[in-house]
Amino acid sequence: MARKDFLDIVSLERSEIIQLLDQAEPFKDLFTRSVKKVPALKGKTVLMLFYEASTRTLSSFEVAAKRLSADVTIFDVPHSSVTKGESVRDTIDTLQAMRADYIVVRHRLSGQPAAIARQTNASVINAGDGAHAHPTQALLDAFTLREVYPEMEGRKVLIMGDVLHSRVARSTSTILTKLGVEVAFCGPGSLVPQTRFRRFTNYDEALRWGPDAVYLLRVQKERQEASFYPSDREYHAVFGITEERLKRLSDEGVYVMHPGPVNRGVELCDGVLDYERCLISQQVENGIAARMSVLYGLKPQLS
Amino acid sequence: MNLFLQGGKVATEDAAPHRADVWIVDGTIQSVAVMDAPAGARVIDCTDQVIMPGMFDAHVHFREPGQEHKETIYDGAESAINGGITGVVMMPNTAPSIDSPAMVQRVLELGKKCRIPVHTSACITVDRAGHEMAPIAGLKEAGILMLTDDGDAVPNAALLRRAMEYGREFGMFFASHCEDPQLCGPRALNEGPVSYRLGIQGTPALAEEICMDRDIRLAHATGARLHIQHVSSAIGMETIRWWRDERGAQVSGEVSPHHLMFADEDIGDYDTHYKMNPPLRTREDNAALLQGLKDGVFRIIATDHAPHTEFEKSQAFVEAPNGISGLDTALVSLHDRFIAKGEFGWDLLVKRYSAEPRRMMELEVAEVAEGKPADLLVFDPKKETTFTKDFMKSKSSNTPFLDKTLKGSVEMVVLGKEILLER
Ligand SMILES: [Zn+2]
């Protein structure tokens, strides 16, 4: 993979995805050893530019970069929702002087990491932009699913929840499709747009479709406030994984995934976190390996 | 002035171009006929070229006063001349808005310094805010041609109804930018697979359809004359057709070159040159709008010329302003995309982009005919035009045609006693 940037899944070839997944495996094996570091990125600088607060993703990238022996700088940016694209451009101009090799960006505006990538010679990694893409999440999701289903072709994954506003839904559905997995969406009619994917607005119908895994999206509080659905209680009753539904998933051997952080009592009940086929903690661990693979695979164009 | 345009074809609004020489003396057309060059006349070789009346654009956003860095009235008028357009109507969303007789006078004064007539519209509501009625009688007196809150719909149906009832006495002509203010959302692009892919909330065509239906109903009920600006959707077009044909409503429609030519999928990877409002819809909408133009559902073509600087357009897609600069490119692009491909003829272009807009505005129609004042352009269909920043006279170059080469060239523009353009 000779790419400079890692901005979305749409533009990746299937072979590149498989290479990234394969490459992540030895990195994961490393985690069980006493020395968890490799010198792959020694002397390189990774700059974290998070315009949206996210401790989990930031830490995951930080650990990934450090395990590759890179120097990590966390640039302090205002986490205000009014950060304009314009001021981002000024920031990038300023940062050029720091000569970072990699810039990891998260921003509330769809397309902002792509704009930054055009402005800098550093490799830009999209750590989530608006409702557009979250490609490293998609990679770790695919990696996690491949661990339980080494043959992914023909498997079915049901993505549940706020598909409309979710960058995770977009990137993860795209990567799974490229790997031959069949994807369907399910959720309240107001939160599941018409796309090329099969669409359910009824949980039981969706389950009859026979998914091998149910991927729960995080439901944002502000969607209820904007009346996309009436209340968290009703959401949980109609679309959440209740104890009763968990029983059925268990009977049918369906895996459960979630990008985190979870909303207990909304998209899932407490029991899900103790469920034997719940892959949430594996996803967190695999996130580090997947991000190491991405950092390792990119080629900054610095002179 | 003694000018003889020799060897060309003259285009009119109701027939295919016919072979004729055009002789102009001191701003008046002496004859339109095949003849020998008169003694003493300057002869311009127009072999294989098309001579037609100057175009008229009834929807332009010049940025003066308030945003002269994007474009002044003078720049805008020069951009029009460069594109073969010899008259325009400004929209009132300047800063401050054109919502008082004093502002109308100020803008018209600036317009008088231009080489073509610059007319203006004014707001329906004070500062386009949708709360209070603008001084309609005073605005009419000051010389406006049309009332519109273009940029937004009047959000309050009761207020629009009252303005229509009140304005009737003054023969006011209303124009609507149709978009339901709640349904339209943040207004960045069409709602559909492209908005989903790019992760940006889209504006559904429904927002246009619903508002259009509302405004036409209000006009029909109050007896107001209404014009629907920049229709972007197939159902929007059908809405006008239905009201006009089935209910006899006095409603006219307008279509822009970009809504005929581009679709949301052209946005690709966040290309802000394709960001305008109403947004580009789908290829199916392009085809339906073209059919509507051929069927006469659209009374006029207008650009919605909306200049923005390169810096403004280089922001993130959501934050970049809506709008496309259109005057320099309109005629050549309509030729390249439609006339050269046989989609429609010169007669349609002359009718919809020269004669009807002037009729609609109750202005004298420009004609290439004996005894008429000279108001014409010479177009070379074989030559090509490359729309570089240098070529375009608009202060801004926010168009997908930037640095593109299209078929056709505006070679000469004559208005009254002046040759405004000669390449
Ligand atoms: Zn408008």
Side-chain angles (χ1 to χ4, degrees), chain A residues 5 7-11 51 81-93 105 107-119 126 128-135 162-171 173-174 177 185 190-197 199 223 226-228, chain B residues 67 69-70 180-207 233 235 264-276 279-285 308-322 398 402:
Chain A
D5 307 306
L7 300 173
D8 57 40
I9 297 295
V10 177
S11 55
Y51 286 90
S81 62
V82 295
T83 309
K84 304 274 283 177
E86 223 173 277
S87 64
V88 173
R89 293 206 313 182
D90 296 341
T91 304
I92 298 300
D93 276 340
V105 187
H107 200 280
R108 80 187 161 85
L109 291 180
S110 297
Q112 189 66 63
I116 292 173
R118 284 192 289 269
Q119 202 191 329
N126 182 1
D129 62 330
H132 172 233
H134 196 352
D162 181 4
V163 176
L164 183 64
H165 300 96
S166 173
R167 56 193 171 214
V168 174
R170 283 168 178 79
S171 287
S173 63
T174 308
T177 305
F185 291 143
S190 50
L191 288 173
V192 185
Q194 305 277 358
T195 62
R196 67 198 166 100
F197 297 107
R199 175 180 187 263
R223 305 306 169 213
S227 278
F228 280 93
Chain B
Q67 297 181 305
H69 65 286
K70 297 179 196 247
D180 180 276
Q182 276 79 42
L183 263 178
C184 69
R187 304 202 288 195
L189 78 174
N190 181 42
E191 180 183 301
V194 175
S195 68
Y196 172 77
R197 174 172 65 80
L198 296 175
I200 299 174
Q201 188 186 339
T203 295
L206 262 180
S233 65
I235 297 180
D264 57 358
E265 59 193 69
D266 295 321
I267 292 167
D269 199 12
Y270 303 103
D271 187 343
T272 58
H273 279 160
Y274 295 92
K275 186 184 178 195
M276 57 279 285
L280 300 171
R281 307 250 181 227
T282 64
R283 300 273 181 240
E284 290 72 41
D285 290 296
H308 295 291
T309 64
E310 202 176 338
F311 181 80
E312 291 160 337
K313 276 289 192 181
S314 70
Q315 297 174 83
F317 194 88
V318 182
E319 292 182 334
N322 278 307
N398 51 307
L402 179 63

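Quick caveat, the model's predicted, so the values are computed rather than measured. Heavy-atom basis, side chains included; hydrogens, waters and symmetry copies ignored.
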| note | The reported gap from CZ in B:Arg197 to OG1 in A:Thr195 (rounded to nearest 0.5 angstrom) is 13.5 Å

| If you round to the nearest 0.5 Å, how far is CD of B:Glu319 from CD of A:Gln112? | 7.0 Å

| Side-chain contact, heavy-atom cut-off 4.5 Å: B:Leu198 with A:Ser110? | no

| said: Around atom CD1 of B:Ile235, are there more than 12 heavy atoms from other residues, nucleotides or ligands closer than 6.0 Å? | reply: no

| message | So, applying side-chain contact (heavy atoms from CB on, under 4.5 Å) with A:His132, which one of B:Phe317, B:Tyr196, B:Tyr270 is it? | response | B:Tyr270

| field | Contact class of A:Arg170 relative to chain B, heavy atoms under 4.5 angstrom | value | both

